[in-house]
Amino acid sequence: MARLVMKFGGTSVADIDRIRNVALHVAREVNAGHEIAVVVSAMSGTTNQLVQWTRDAANVHDAREYDVVVSSGEQVTAGLLAITLQGMGISARSWLGWQIPIKTNEVHGAARILSIEAEALSERWAKGEVAVVAGFQGVAEDNRITTLGRGGSDTSAVALAAALGARCDIYTDVDGVYTTDPRIVPKAQKLDRISYEEMLEMASLGAKVLQTRSVEMAMTNQVALQVRSSFDPPEGPFGDSVHGYGPGTLVCGEEDIVEKQIVSGIAYSKNEAKVTLVRVQDKPGVAARIFGPLSDTNINVDMIVQNVSEDGETTDLTFTVGEDDLPRAMDVIESAHDDIGYQHLVGSTDVVKISVIGVGMRSHAGVASRMFQVLADKGINIQAITTSEIKISILIDSAYTELAVRSLHTAYELDAD
Ligand code: ASP
Ligand code: MG
């Protein structure tokens with residue numbers, strides 16, 4: 001007998017038939033004798049609609065009421081799944097965030113979980129009841145409903161698994177984590193295992209399988225996380241947790257990966273914008289005057305490149321921000337023009353960030369040089385570079401996204417045969 005948290009995303013609960021399919025997956029694990037909490041998202045499209053309605057009602061609105069509205073989608077699917085399970089003769093009960101309770105801070109719309117009191121759920125487990133938990137929501141100290149940020153049901157599931165000492169299976173519409181986006185590289189392969197750190201990089205770079213926060217939480221709490229498809233047959237030969245991990249991707253500690261790759265995946269993000277300050281003064285304090293106001297306005301700067309100045313007086317400085325932040329970043333730098341001192345400012349969004357990710361880089365040389373050689377061979381110009389211990393990212397013209405990702409995928413021998 002094991003403790004298991006099963007999380008189903010929006011496409012997996014998109015209508016009553018799919019909810020019935022989810023119930024079959026749950027039934028399989030119930031029959032295997034496990035103690036089960038199921039975390040559900042809202043039906044796909046629902047949360048977007050709810051968000052839109054809050055905007056239609058008033059463009060600037062009270063974040064507490066936003067949470068009341070957008071959390072409602074998960075209430076519906078939790079109730080529907082409980083009804084469906086009961087209809088199949090499985091004892092089940094729905095739980096909203098405040099009923100458990102899942103306590104969060106008061107940052108409405110992007111709340112962080114502070115604690116989960118799991119006693120009530122454990123008592124129900126002892127009676128053989130499946131807990132169906134509404135994802136994405138919690139309750140603040142003042143008893144108001146909070147939500148955890150878009151994609152937050154993943155975090156609900158991992159937090160619950162950590163609190164209950166359970167394993168966490170994330171059921172989604174893909175069958176695992178791939179070496180890169182299969183839509184642009186048909187030879188992308190599903191990874192059997194990926195380390196928390198690599199997954200964190202993949203998730204924060206826009207591989208949207210898991211909310212970044214949930215991976216962080218799994219890593220800190222050492223929750224074994226399996227990504228798998230809810231469209232796999234519920235009765236398949238694999239899958240029941242008695243036989244160990246199923247056909248998906250296991251996100252786990254590096255030490256649990258036997259066959260380590262040097263490069264595990266290639267991620268790209270088109271959601272980037274580039275800002276260049278042309279002929280900025282080359283003297284102490286200038287960088288602080290540029291990046292200080294940006295951080296004061298909560299704009300996240302990612303890559304930074306400063307050229308060596310030729311005349312000893314001025315140089316060009318380039319940095320990147322999220323695409324959505326570009327207008328604000330331009331405003332901030334323009335209003336600080338006199339303080340910073342530069343000739344002119346250029347902003348553009350036709351850039352893509354491509355990253356090569358792998359824990360093996362720590363102990364292998366030559367990963368970066370291979371990347372640069374591949375791009376050189378294809379005549380692709382690199383506009384900016386950043387690195388971390390397990391990642392190299394470059395910024396290039398977005399027109400070359402497919403070409404670059406495909407060529408790198410081949411060069412690091414990630415192509416399926
Ligand atoms: N329903 C929420 C969203 O769409 C939470 C989730 O699905 O994880 O963002
Ligand atoms: Mg999601």
Side-chain angles (χ1 to χ4, degrees), residues 5-15 18-19 21-22 25 37-55 61 63-82 94-98 100 102 104-105 107-113 116 131-140 145-162 168-174 177 199-200 202-204 206-218 223 225-231 248 251 271 322 324:
V5 171
M6 305 171 77
K7 184 259 169 180
F8 293 88
T11 46
S12 306
V13 293
D15 56 36
R18 292 200 181 163
I19 290 177
N21 176 61
V22 164
H25 280 282
V38 190
V39 174
V40 286
S41 290
M43 290 177 172
S44 61
T46 298
T47 311
N48 287 346
Q49 175 66 76
L50 295 169
V51 170
Q52 190 54 47
W53 280 337
T54 63
R55 290 189 187 136
H61 47 257
R64 282 160 296 204
E65 302 310 337
Y66 166 94
D67 277 350
V68 171
V69 176
V70 302
S71 63
S72 65
E74 275 71 10
Q75 172 162 350
V76 173
T77 45
L80 289 173
L81 179 58
S94 67
W95 296 81
L96 300 181
W98 62 269
I100 294 181
I102 296 177
T104 73
N105 64 14
V107 184
H108 287 276
R112 283 189 160 238
I113 296 175
I116 296 183
V132 183
V133 178
F136 184 48
Q137 53 173 269
V139 61
I145 294 173
T146 52
T147 61
L148 309 179
R150 297 305 306 271
S153 300
D154 294 334
T155 299
S156 309
V158 173
L160 207 56
C168 187
D169 284 2
I170 305 272
Y171 287 79
T172 178
D173 51 4
V174 291
V177 181
M199 191 61 220
L200 207 50
M202 300 277 251
S204 59
K208 292 203 179 56
V209 197
L210 292 171
Q211 196 198 32
T212 309
R213 176 96 193 87
S214 70
V215 184
E216 264 165 29
M217 194 178 274
V223 173
L225 206 59
Q226 191 192 188
V227 178
R228 50 180 301 182
S229 171
S230 65
F231 302 116
V251 187
N271 191 8
D324 299 342

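As the structure lists them, so they are numbered: ligands from 1, and atoms in each ligand from 1.
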For Ser41, atoms of ligand 1 separated by under 4.0 Å from a heavy atom: 6 (C), 7 (O), 8 (O)
Any Gly9 heavy atom less than 4.0 Å to ligand 1: no
No-hydrogen, no-angle side-chain donor-acceptor test under 3.5 Å, Asp67 and Thr146: no
Min N/O separation Gly151 to ligand 1 under 3.5 Å: yes
Side chain to side chain donor-acceptor pair (under 3.5 Å) partners for Ser153, two or more places apart: Ser41
Non-hydrogen atom of Gly135 closer than 4.0 Å to ligand 1: no
Heavy-atom gap Glu74 to ligand 1 smaller than 4.0 Å: yes
Within-4.5 Å side-chain heavy-atom neighbours: Glu74 and Thr147: no
Close N or O approach (Ser153, ligand 1; < 3.5 Å): yes
Value rounded to 0.5 Å, distance of OG in Ser156 from CD1 in Ile113: 5.5 Å
Per-atom contacts, ligand 1 versus Arg150 - under 4.0 Å to a heavy atom: 3 (C), 4 (O), 9 (O)
Donor-acceptor under 3.5 Å (Asp154 side chain, Ile170 main chain): no
Val69 and its side chain to side chain contact (heavy atoms under 4.5 Å, CB included) partner, picked from Thr54, Thr47, Val51: Thr54
